[in-house]
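Heads up: numbering here begins at 1 and tracks the sequence. Because the structure is predicted, anything quoted here is derived from the model rather than measured.
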Amino acid sequence: MPAKLSVNLNAIAMLRNRRDLPWPDVAHLGRIALGAGASGLTVHPRPDQRHIRFSDLPVLRALIDDEFPEAEFNIEGYPTEEFLALCEATEPEQVTLVPDDPSQATSDHGWDFARHRSFLSEVVARLKAKGMRVSLFADGDGNADAVRQARETGADRIELYTGPYGGCYDNPAKAAEEIDLLGRTADAALAVGLAVNAGHDLTVANLPALIKRIPKLAEVSIGHGLTADALEFGMAETVRRFRHACGQKI
């Protein structure tokens with residue numbers, strides 16, 4: 001099956017938050033994305049609410065439940081008690097746990113699974129007890145032992161951090177190296193029963209090569225590049241372009 005596309009709404013929310021006005025309307029653009037065939041929506045509600053606000057979560061939950069019941073809601077973030085309470089109140093289909101410091105501009109590394117395995121195991125169990133699928137942000141560095149330890153937390157998936165690959169947009173040789181590392185990480189994950197997602201700086205241009213190397217990629221979560229393209233092509237057409245890059249039939 002081709003990789004599913006989850007549209008990350010953070011960049012849209014950040015643009016909205018530049019003014020004390022209700023536009024661009026995050027839920028409306030999420031509706032357009034889902035109407036164009038996106039499989040889900042992703043948000044990262046940071047403690048300072050600099051893009052997605054906590055008040056956006058029930059609105060987006062209702063959008064999916066009422067209008068797109070086959071779609072999924074993916075909430076990502078660092079598992080503070082506040083974050084976990086938000087997830088339990090919103091009941092997303094998937095929670096993606098990231099090791100971010102609250103001051104970070106964006107996610108830029110995966111978990112140290114050896115160091116945080118006990119902590120993550122407790123969080124994963126708590127979320128799965130509420131019926132949520134759990135994915136853990138992971139470096140795509142080819143470390144099979146780290147992937148094994150991720151599996152031992154009880155998680156269902158890993159999300160490959162593809163930032164280093166996305167940064168190779170002008171260096172094909174380096175991009176090939178990064179794809180190899182990401183592919184080896186995915187192979188190790190699949191071998192121990194973890195499904196594999198991916199996200200960060202993915203574009204229409206670099207997705208096909210990644211998916212060729214990881215044909216069993218379950219889902220990609222894309223925000224910045226997709227939002228940038230939406231300024232040029234519109235949200236609906238951009239979603240269709242990214243779906244095509246994922247190998248989906250349009």
Side-chain angles (χ1 to χ4, degrees), residues 2-17 22-46 49-77 83 86-98 100 106-107 127 130-135 137 156-157 159 162 195 197-204 207 217-231 233-246 248 250:
K4 295 181 178 180
L5 171 66
S6 184
V7 173
N8 190 313
L9 299 171
N10 290 351
I12 294 167
M14 183 174 285
L15 179 59
R16 174 199 62 190
N17 293 355
W23 59 80
D25 185 323
V26 173
H28 178 61
L29 285 162
R31 178 181 291 107
I32 294 172
L34 293 171
S39 296
L41 301 175
T42 292
V43 296
H44 186 154
R46 292 181 179 273
Q49 302 187 69
R50 64 178 177 264
H51 33 63
I52 287 295
R53 298 169 178 158
F54 300 161
S55 59
D56 291 320
L57 300 185
V59 176
L60 294 170
R61 176 75 274 174
L63 168 67
I64 291 172
D65 290 345
D66 295 345
E67 301 182 36
F68 301 94
E70 299 303 314
E72 291 193 350
F73 198 13
N74 172 47
I75 299 180
E76 60 182 22
F83 174 82
L86 285 171
C87 291
E88 288 169 340
T90 309
E91 298 183 327
E93 283 71 26
Q94 178 173 268
V95 178
T96 301
L97 302 178
V98 298
D100 283 3
T106 186
S107 304
L127 293 169
K130 298 292 186 178
M132 303 170 213
R133 183 171 68 240
V134 181
S135 180
F137 212 50
D156 304 288
R157 299 183 180 187
E159 179 175 328
T162 54
N197 297 341
H200 217 84
D201 296 336
L202 295 174
T203 67
V204 167
L207 264 170
L217 195 63
E219 176 185 289
V220 292
S221 173
I222 306 177
H224 184 82
L226 190 149
T227 303
D229 280 9
L231 294 173
F233 301 105
M235 177 60 79
E237 178 60 21
T238 294
V239 167
R240 288 189 284 267
R241 285 163 53 85
F242 271 87
R243 287 178 57 209
H244 179 73
C246 287
Q248 298 181 23
I250 308 301

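In this structure, a donor-acceptor pair under 3.5 Å is present between the side chains of N74 and Q94. Defined by atom type and a distance below 3.5 Å, a donor-acceptor pair is missing between the side-chain atoms of N10 and R46.
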Give the intermediate values and the outcome of side-chain contact (heavy atoms from CB on, under 4.5 Å) for residues V239 and L5.
CA-CA 8 Å; V239 167; L5 171 66; 4.1 Å; yes

Please evaluate residues D201 and T162 with respect to the criterion side-chain contact (heavy atoms from CB on, under 4.5 Å), reporting the C-alpha separation (whole Å), side-chain torsions for both, the decisive distance (0.1 Å), and the verdict.
CA-CA 7 Å; D201 296 336; T162 54; 5.7 Å; no

Could you go step by step and tell me if K4 and E72 meet the salt bridge (charged side-chain N to carboxylate O under 4.0 Å, His left out) rule?
CA-CA 10 Å; K4 295 181 178 180; E72 291 193 350; 5.2 Å; no

Run the numbers on L57 and I52 for side-chain contact (heavy atoms from CB on, under 4.5 Å), then give the verdict.
CA-CA 8 Å; L57 300 185; I52 287 295; 4.2 Å; yes

Worked verdict on V95 versus F83 for side-chain contact (heavy atoms from CB on, under 4.5 Å):
CA-CA 10 Å; V95 178; F83 174 82; 3.8 Å; yes

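Between the side chain of S39 and the main chain of S6, no donor-acceptor pair closer than 3.5 Å is present. N17 contributes a side-chain N or O that, together with a main-chain N or O of H51, makes up a donor-acceptor pair within less than 3.5 Å. Under a 3.5 Å cut-off, the side chain of D56 and the backbone N or O of R53 do form a donor-acceptor pair.
H28 meets the side chain to side chain contact (heavy atoms under 4.5 Å, CB included) test with D25, R31, I32; sequence neighbours excluded.
Between D229 and R241 there is a side-chain heavy-atom pair separated by less than 4.5 Å. The shortest side-chain heavy-atom distance between F68 and L41 does not fall under the 4.5 Å cut-off. With a 4.5 Å cut-off on side-chain heavy atoms, M132 and I75 do not count as touching. Residues L207 and I222 are in side-chain contact: their nearest non-hydrogen atoms beyond the backbone lie under 4.5 Å apart.
To the nearest 0.5 Å, atoms CD1 (I250) and CZ (R243) are separated by 3.5 Å. Rounded to the nearest 0.5 Å, atoms CG (L9) and CG (L15) are 12.5 Å apart. With values rounded to the nearest 0.5 angstrom, S55 atom OG is found 6.5 Å from Q49 atom CD. Interatomic distance, T227 OG1 to N8 CG, rounded to the nearest 0.5 Å: 7.5 Å. The structure places CG of L29 at 14.0 Å from CH2 of W23, a figure rounded to the nearest 0.5 Å. Atoms CD and OG1, from E76 and T42 in turn, are 6.0 Å apart once rounded to the nearest 0.5 Å.
Residues T238 and G234 come closest through the heavy atom pair OG1-O, 2.8 Å. Closest heavy-atom contact between F242 and L202: CE2-O, 3.9 Å. In terms of heavy-atom proximity, P92 sits nearest to C87 at CD-O, 3.2 Å. Summarising the geometry of A3 relative to E219, their closest heavy-atom pair is CB-N, 4.4 Å, with the distance given to 0.1 Å. In plain terms, the two heavy atoms of P2 and C246 that are nearest each other are CB-O, 3.7 Å.
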Residues 58-66, side-chain donor-acceptor partners within the protein, below 3.5 Å, at least two apart:
{"from": "R61", "atom 1": "NE", "to": "D65", "atom 2": "OD1", "distance (Å)": "3.2"}
{"from": "R61", "atom 1": "NE", "to": "D65", "atom 2": "OD2", "distance (Å)": "3.3"}
{"from": "R61", "atom 1": "NH1", "to": "E91", "atom 2": "O", "distance (Å)": "2.6"}
{"from": "R61", "atom 1": "NH1", "to": "E93", "atom 2": "OE1", "distance (Å)": "3.4"}
{"from": "R61", "atom 1": "NH1", "to": "E93", "atom 2": "OE2", "distance (Å)": "3.4"}
{"from": "R61", "atom 1": "NH2", "to": "D65", "atom 2": "OD1", "distance (Å)": "2.9"}
{"from": "R61", "atom 1": "NH2", "to": "E93", "atom 2": "OE1", "distance (Å)": "3.4"}
{"from": "R61", "atom 1": "NH2", "to": "E93", "atom 2": "OE2", "distance (Å)": "3.1"}

